[in-house]
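See below for the structure under consideration.
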Protein chains: 2
Amino acid sequence: MLVRIDPGSDVPIFDQVAGSIRADMVAGHIRPGDKLAPARELAASLQVNLHTVLRAYQLLREEGLVDMRRGRGAVATPAAATLGELRSEIVELSRKARALGMPPDALAALVRDSLRLDAD
Amino acid sequence: MLVRIDPGSDVPIFDQVAGSIRADMVAGHIRPGDKLAPARELAASLQVNLHTVLRAYQLLREEGLVDMRRGRGAVATPAAATLGELRSEIVELSRKARALGMPPDALAALVRDSLRLDAD
DNA sequence: CAAGTGTTATAGTTTTTATAGAACAGTTGC
DNA sequence: GCAACTGTTCTATAAAAACTATAACACTTG
């Protein structure tokens with residue numbers, strides 16, 4: 001599990017960490033049953049505080065993507081696999097948006113709002 | 001131009017305003033050449049500070065979606081029309097994500113990261 | 001029982017967001 | 001020309017969110 005963050009980004013670190021892990025689930029690099037890196041260990045490797053990583057992990061848990069228990073660590077759930085079903089759509093959308101020169105944050109906000117609305 | 005915001009949301013107001021306007025561009029409700037509401041006027045109707053609305057407008061300008069000049073106001077650019085090309089993809093992705101019970105913020109982060117990466 | 005895990009609590013600093021008021025500088029239309 | 005309206009810039013403040021730091025706690029595994 002390789003997590004990358006950009007300290008200079010305006011996106012919160014905990015959000016970047018969660019996003020990086022979600023991307024690995026979509027790509028199939030993280031599959032159900034796989035253990036995530038221990039929070040303390042990941043925090044050290046990213047040179048970030050333990051709580052920042054834990055917040056990312058808890059965000060993923062709220063989304064049903066990981067199971068967490070003290071002593072056992074964080075483990076990817078079956079829901080992590082269903083994420084892969086979105087892969088082709090996301091790739092296609094990204095491709096078109098890139099061709100239009102659309103900034104990532106703008107497209108993300110667009111998708112977020114679309115999903116938030118009751119009907120499309 | 002109808003702008004809706006949710007004061008209780010965790011999404012910043014300026015981001016919601018920009019998002020609402022982008023959504024109108026995707027839907028074709030705002031077309032190139034259309035004038036956006038004057039910042040002071042929109043701020044008053046949303047009961048929000050002038051600077052908050054201006055920040056949203058300037059965000060859209062940085063994305064090339066609007067032209068702004070003092071005295072003349074904010075006007076949608078040709079880029080606002082190309083946004084509509086993304087409509088079907090966004091709708092389809094939202095539909096699938098909703099079926100998977102995916103939270104809007106999680107999907108948004110996924111799309112954002114996908115677009116940010118050099119290659120898919 | 002020891003080592004490793006997430007959990008909780010408290011505290012403090014930094015950054016971001018949002019507000020407020022004022023003055024400035026272009027544009028438009030009378 | 002000028003009055004009204006536009007975004008722009010500036011200073012200042014308050015509130016909220018993000019991040020760090022430290023410590024203690026509780027469950028799991030070997």
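So you know, we letter chains A, B, ... as the sequences are listed, proteins then strands, and number each from 1. Note that these values count all heavy atoms, side chains included, but never hydrogens, waters or copies made by symmetry. What you see is a predicted model; the values in this text were computed from it and never measured.
If you take OG on B/Ser88 and CG on A/Leu93, they are separated by 9.0 Å, rounding to the nearest 0.5 Å. Residue A/Leu54 holds its CG atom at 9.0 Å from CG of A/Asn49, rounded to the nearest 0.5 Å. Taking CG of A/Leu83 as the reference point, atom CZ of A/Arg22 lies at 8.5 Å (rounded to 0.5 Å). Between the CZ atom in B/Arg112 and the OG atom in A/Ser9 there is a gap of 7.0 Å [rounded to 0.5 Å]. Atom CD1 in A/Ile30 sits 5.5 Å away from atom CG in A/Leu36 (nearest 0.5 Å). Atoms CG and CG, on B/Leu59 and B/Asp15 in that order, are 6.5 Å from each other to the nearest 0.5 Å.
The distance from atom OH of A/Tyr57 to atom P of C/dT8 is 17 Å, rounded to the nearest whole Å. Per the geometry, CG belonging to A/Leu54 stands 16 Å off P belonging to D/dA18, to the nearest Å. When the C1' atom of C/dG6 is taken as reference, atom CZ of A/Arg55 falls 17 Å away, rounded to whole Å. Nucleotide C/dT8 holds its P atom 14 Å from the CZ atom of A/Arg69, rounded to whole Å. One can place CZ of B/Arg70 at 5 Å from P of C/dG26, the figure rounded to the nearest angstrom.
For the segment residues 31-50 of chain B, the set of residues with a heavy atom within less than 4.0 Å of an atom of DNA chain C comprises B/Arg40, B/Val48, B/Asn49, in numerical order. For DNA chain C, the residues of residues 2-19 of chain B within the heavy-atom distance limit of 4.0 Å (strictly under) are B/Pro12, B/Ile13, B/Phe14, sorted by number.
Under 4.0 Å is where a charged nitrogen must lie from a carboxylate oxygen, and between B/Asp113 and A/Arg4 no such pair does. Classification of B/Lys96 and A/Glu85 as a salt-bridged pair fails, no side-chain N sitting under 4.0 Å from a carboxylate O.
Heavy-atom distances to DNA chain C give each of A/Ala74 and B/Gly71 a nearest nucleotide, and the one nearer the 5′ end belongs to A/Ala74. Mapping B/Gln58 and A/Arg72 onto DNA chain D by nearest heavy atom places B/Gln58 closer to the 5' end of the strand.
Side-chain to base pairing of B/His51 with D/dG7: no donor and acceptor N or O lie closer than 3.5 Å to each other.
Applying the 4.0 Å criterion to OP1 and OP2 of D/dT20, one finds that A/Thr52 has a side-chain N or O inside that range.
By the criterion of side-chain heavy atoms lying less than 4.5 angstrom apart, applied directly or through intervening Ile, Leu, Val, Met, Phe, Trp or Tyr residues, B/Val11 is not grouped with A/Val111; the two fall into different hydrophobic clusters.
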